[in-house]
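Take a look at the structure below.
Reminder, nothing fancy here: chain letters follow the sequence lines and each chain counts from 1.
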Amino acid sequence: MRLATWNVNSVKARLPRLLDWLAATKPDIVCLQETKCPAEAFPVAEVGALGYAAAAHGDGRWNGVALLSKVGLDEVTLSFPGEPGFAEMDGVGAARPEARAIGATCAGMRVWSLYAPNGRTVDSPHYLYKLDWFAALREALAAEMDMPLVACGDFNVAPTDADVWDPALFVGATHVTPAERAALAALRALGLHDVVPTPMKGPHPFTYWDYRAGMFHQNKGMRIDLVYASAEVAGRVRSAYVDREARKGRGPSDHAPIVVDFDPII
DNA sequence: ATGTCTCAGTGCCTGAGA
């Protein structure tokens with residue numbers, strides 16, 4: 001069984017590359033983030049031609065997540081129970097959730113494709129929203145820990161200082177704060193295991209490199225895309241890698257996919 | 001570090017978000 005997660009930074013802009021990559025890599029289950037695509041505009045027919053069922057959750061211009069599967073795609077959930085939206089700090093109540101989570105049952109596993117809020121800066125309301133979102137995610141996943149589960153996606157948090165290219169430059173920035181790292185630790189405390197992929201190059205399994213300033217070619221990246229798997233799934237993992245080849249060439253996403261091979265649950 | 005990319009609207013450039 002092969003599972004992949006990839007922040008594609010627009011499924012429309014990335015469609016030719018995505019289709020080529022799917023045909024070459026042949027994952028059974030794919031978690032996509034930042035599709036930036038309304039659900040009704042998701043390229044269902046194009047991925048269907050490669051043998052995938054698809055489910056998409058979209059807002060339009062921003063966010064957007066999707067699941068592709070060749071091994072069943074049942075009990076699809078758009079957003080997770082209790083997921084907060086971004087409420088302006090004006091006293092108005094919680095807003096409608098953004099399109100940041102989609103879950104389904106595939107091959108005996110609960111699978112989530114997640115796109116965590118960026119947080120922007122530590123003094124931004126978006127940072128508090130990010131922490132609230134993780135707290136709610138923890139509660140939602142806690143309710144599903146009685147089954148094999150894998151939560152994948154762009155968590156927008158680097159779990160350790162080794163997961164950023166220069167920790168000194170990130171002092172005072174989002175993605176590395178103790179509160180964000182505590183949010184990941186709270187997920188692991190549920191019994192989720194960080195499936196750390198092998199880097200194709202260098203010591204760090206970075207998954208994201210800014211488009212600017214030649215960051216990719218200098219390998220100045222971050223590991224912010226994660227695969228969090230319950231014990232049943234983590235114990236079956238044979239290998240995992242970051243496909244940095246997919247970050248190369250003309251018109252890439254700024255994220256690379258993670259590919260995980262494991263023995264099937266069923 | 002702020003060098004790029006994407007989207008949609010104010011529309012063929014620009015602001016916002018990442």
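- Not counting sequence neighbours, the partners of A/Arg120 by the side chain to side chain donor-acceptor pair (under 3.5 Å) test are A/His126.
- Straight-line distance from the CE atom of A/Met222 to the P atom of B/dA1: 14 Å, rounded to whole Å.
- A/Arg100 is not listed as a side-chain neighbour of A/Leu114, based on a closest heavy-atom distance of 4.5 Å or more.
- Applying the side chain to side chain donor-acceptor pair (under 3.5 Å) test to A/Ser124 and every residue at least two apart in sequence or in another chain returns nothing.
- Under the rule for a side-chain contact (heavy atoms from CB on, under 4.5 Å), the partners of A/Pro205 that lie at least two apart in sequence or sit in another chain are A/Val196, A/Pro197, A/Pro199, A/Arg223, A/Val242.
- Residue A/Arg14 places at least one side-chain N or O closer than 4.0 Å to OP1 or OP2 of B/dT6.
- Taking atom CZ of residue A/Phe216 and atom C1' of nucleotide B/dA1, one finds them 18 Å apart after rounding to whole Å.
- Put simply, A/Ser10 has a side-chain N or O that comes within less than 4.0 Å of OP1 or OP2 on B/dC7.
- The gap from the C1' atom of B/dC12 to that of B/dC7 amounts to 14 Å, rounded to the nearest Å.
- Separating the P atom of B/dC13 from that of B/dA1 is a span of 33 Å, rounded to the nearest Å.
- Residue pairs meeting the salt bridge (charged side-chain N to carboxylate O under 4.0 Å, His left out) criterion with at least one partner in residues 138-152 of chain A, sequence neighbours excluded, are A/Arg110-A/Glu144.
- The CZ-C1' distance, from A/Arg17 to B/dC5, rounds to 13 Å in whole Å.
- Each of A/Gly60 and A/Leu169 was assigned the nucleotide of DNA chain B with the nearest heavy atom; the assignment lying further toward the 5' end belongs to A/Leu169.
- For the C1' atoms, the distance from B/dT4 to B/dT10 is 23 Å, rounded to whole Å.
- Proximity of the aromatic rings of A/Tyr228 and A/Phe155 is defined here by a centroid distance below 6.0 angstrom, and this criterion is met.
- Whole-Å rounding puts the A/Gln218 CD to B/dA1 C1' distance at 10 Å.
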Query raised in the report: For nucleotides 9-18 of chain B, read 5' to 3', which letter fits each nucleotide if B means a protein heavy atom sits under 4.0 Å from the base, S means only the sugar-phosphate is that close, and - means neither?
Result: ------BBSB
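- With sequence neighbours excluded, the residues satisfying side-chain contact (heavy atoms from CB on, under 4.5 Å) with A/Thr177 are A/Val122, A/Tyr127, A/Ala179, A/Glu180.
- Rounded to a whole angstrom, the distance from the P atom of B/dG15 to that of B/dG11 is 13 Å.
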